[in-house]
Amino acid sequence: MRFEIVTLFPEIVEALRIGLLGKAMDSGAIEIVARSPREFATDKHRSVDDAPYGGGSGMVLMPGPIAETLDALDAERGGPSHKVLLTPQGDRFDQRMAERFAALPSLTLVCGRYEGFDERIRGMVDQEVSLGDFVLLGGEIAGATIIEAVARLGPGVLGNDESATEESHSTGLLEYPQYTRPSVFRGQEVPAVLKSGDHARVARWRRKEALRRTKERRPDLLETAPLTDEDRKLLAELAAEDES
Ligand code: SAM
């Protein structure tokens, strides 16, 4: 999959070359390209921002250099890309959106800076996306977060023994607790069932703990998670445990 970042700080791409994402970049499983609107600035100062009409504090990204950057990427790619503007006013990013993006051949992320961007830039993209109800200094970290969440769902990014399918939010639930060695740490023991070698019991325990954790921390997720009859039995067991 190809990721494109429109940013005043194209060096963000090298900061992403770490861990499994870095390996995926090196192997060609994913491609991350950054282009700076400054390349398309027309004055001698290479300006990409200007003061807002109507006054007020801060600077606003101008539409021209962003439009030129997007045109250059379209020409270079030769095919379409889903274009996303990063803004705290956009659709909230979540695992479902990551799954939809992972099915695309190309995703273009446009990063704002300063006070934001000229309103006409909104018309250049397919979607506006927010990471959450907080304000960052710029779109780069939001874009990097989206790239990590999307890239790890695609082929050739996670190792063979790592799976994205059972994790928190992939199943609609939070993930069950995980343990590794030692078996006893500062008096806290690993649950015996995980050392039993009985795969069916381990699977049942994990599902029940995923349901318990979701019920305790994010009960809202239980309203939409796809639950089986067995899940409902496990939830009834949990309710009975709560009452006893
Ligand atoms: N004045 C803008 C507003 O009130 O909507 C905020 C501008 S913010 C300081 C600069 C840039 O950071 C934004 O244009 C956007 O690209 C990025 N940004 C900030 N918070 C974000 C968030 N929660 N999600 C995605 N991008 C964000």
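When a ligand or atom number is given, it counts from 1 through the structure's own listing order.
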K.L.:
Of the listed options (Leu131, Leu61, Val135, Leu86), which comes nearest to atom 13 (C) of ligand 1 when hydrogens are ignored and any heavy atom counts?
P.N.:
Leu86
K.L.:
Please examine the side chains of Val6 and Thr108, heavy atoms only from C-beta on, and report whether any two atoms are closer than 4.5 Å.
P.N.:
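A side-chain contact exists here, since the closest heavy-atom pair is under 4.5 Å.
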K.L.:
Mark up the atoms of ligand 1 that fall under 4.0 Å of a heavy atom belonging to Gln89, in ascending order.
P.N.:
3 (C), 5 (O)
K.L.:
Counting only heavy atoms not in Asp43, do more than 12 sit closer than 6.0 Å to its CG atom?
P.N.:
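More than 12 heavy atoms, drawn from other residues, nucleotides or ligands, come within 6.0 Å of this atom.
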K.L.:
Which of the numbered atoms in ligand 1 are below 4.0 angstrom from a heavy atom of Gly139?
P.N.:
12 (O), 16 (O), 17 (C)
K.L.:
Measure from atom 20 (N) of ligand 1 to every heavy atom in Ile146, Leu136, Val129, Leu137 and give the option owning the shortest one.
P.N.:
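Answer by nearest heavy atom: Leu136.
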K.L.:
Distance under 4.0 Å to a non-hydrogen atom of Gly116: what atoms of ligand 1 satisfy this?
P.N.:
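Reading through ligand 1 atom by atom, the close ones are 14 (O).
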K.L.:
Using a 4.0 Å cutoff against the non-hydrogen atoms of Glu115, which atoms of ligand 1 qualify?
P.N.:
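Listed by number with element, the hits are 1 (N), 2 (C), 7 (C).
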K.L.:
Taking atom NZ of Lys215 as the centre, report whether more than 12 heavy atoms of other residues, nucleotides or ligands fall under 6.0 Å from it.
P.N.:
yes
K.L.:
Less than 4.0 angstrom from a charged side-chain N to a carboxylate O is my criterion; do Arg152 and Glu167 meet it?
P.N.:
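Salt bridge: yes.
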K.L.:
Would you please say whether a donor-acceptor pair under 3.5 Å links the side chains of Thr7 and Glu140?
P.N.:
yes
K.L.:
Name the closest protein heavy atom to atom 27 (C) of ligand 1, giving the residue it belongs to and the distance to 0.1 Å.
P.N.:
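The closest heavy atom on the protein side is Pro88 CD, 3.7 Å.
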K.L.:
Going by distance alone, is a donor N or O of one side chain under 3.5 Å from an acceptor N or O of the other, for Gln89 and Arg122?
P.N.:
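Judged by distance alone, the side chains do pair up.
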K.L.:
Tell me: protein heavy atom nearest atom 23 (N) of ligand 1, and distance?
P.N.:
Phe134 O, 2.8 Å
K.L.:
With a cut-off of 4.0 Å, which atoms of ligand 1 are near a heavy atom of Phe117?
P.N.:
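Reading through ligand 1 atom by atom, the close ones are 14 (O).
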K.L.:
So if I count the atoms of ligand 1 from 1 in the order they appear, which ones are less than 4.0 Å from some heavy atom of Gly132?
P.N.:
23 (N)
K.L.:
Please check if atom OH in Tyr53 has more than 12 non-hydrogen atoms from other residues, nucleotides or ligands closer than 6.0 Å.
P.N.:
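Result for OH/Tyr53: open.
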K.L.:
Look only at interatomic distance and state if Ala142 has a nitrogen or oxygen under 3.5 Å from any nitrogen or oxygen of ligand 1.
P.N.:
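In fact, backbone or side chain, Ala142 has no N or O that close.
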K.L.:
Under 4.0 Å from a heavy atom of Tyr114: which atoms of ligand 1 are those, numbered in the order shown and with their elements?
P.N.:
7 (C), 8 (S), 9 (C), 10 (C)
K.L.:
Any side-chain donor paired with an acceptor under 3.5 Å for Glu175 and Ser168?
P.N.:
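Ser168 and Glu175 do not have a side-chain donor-acceptor pair below 3.5 Å.
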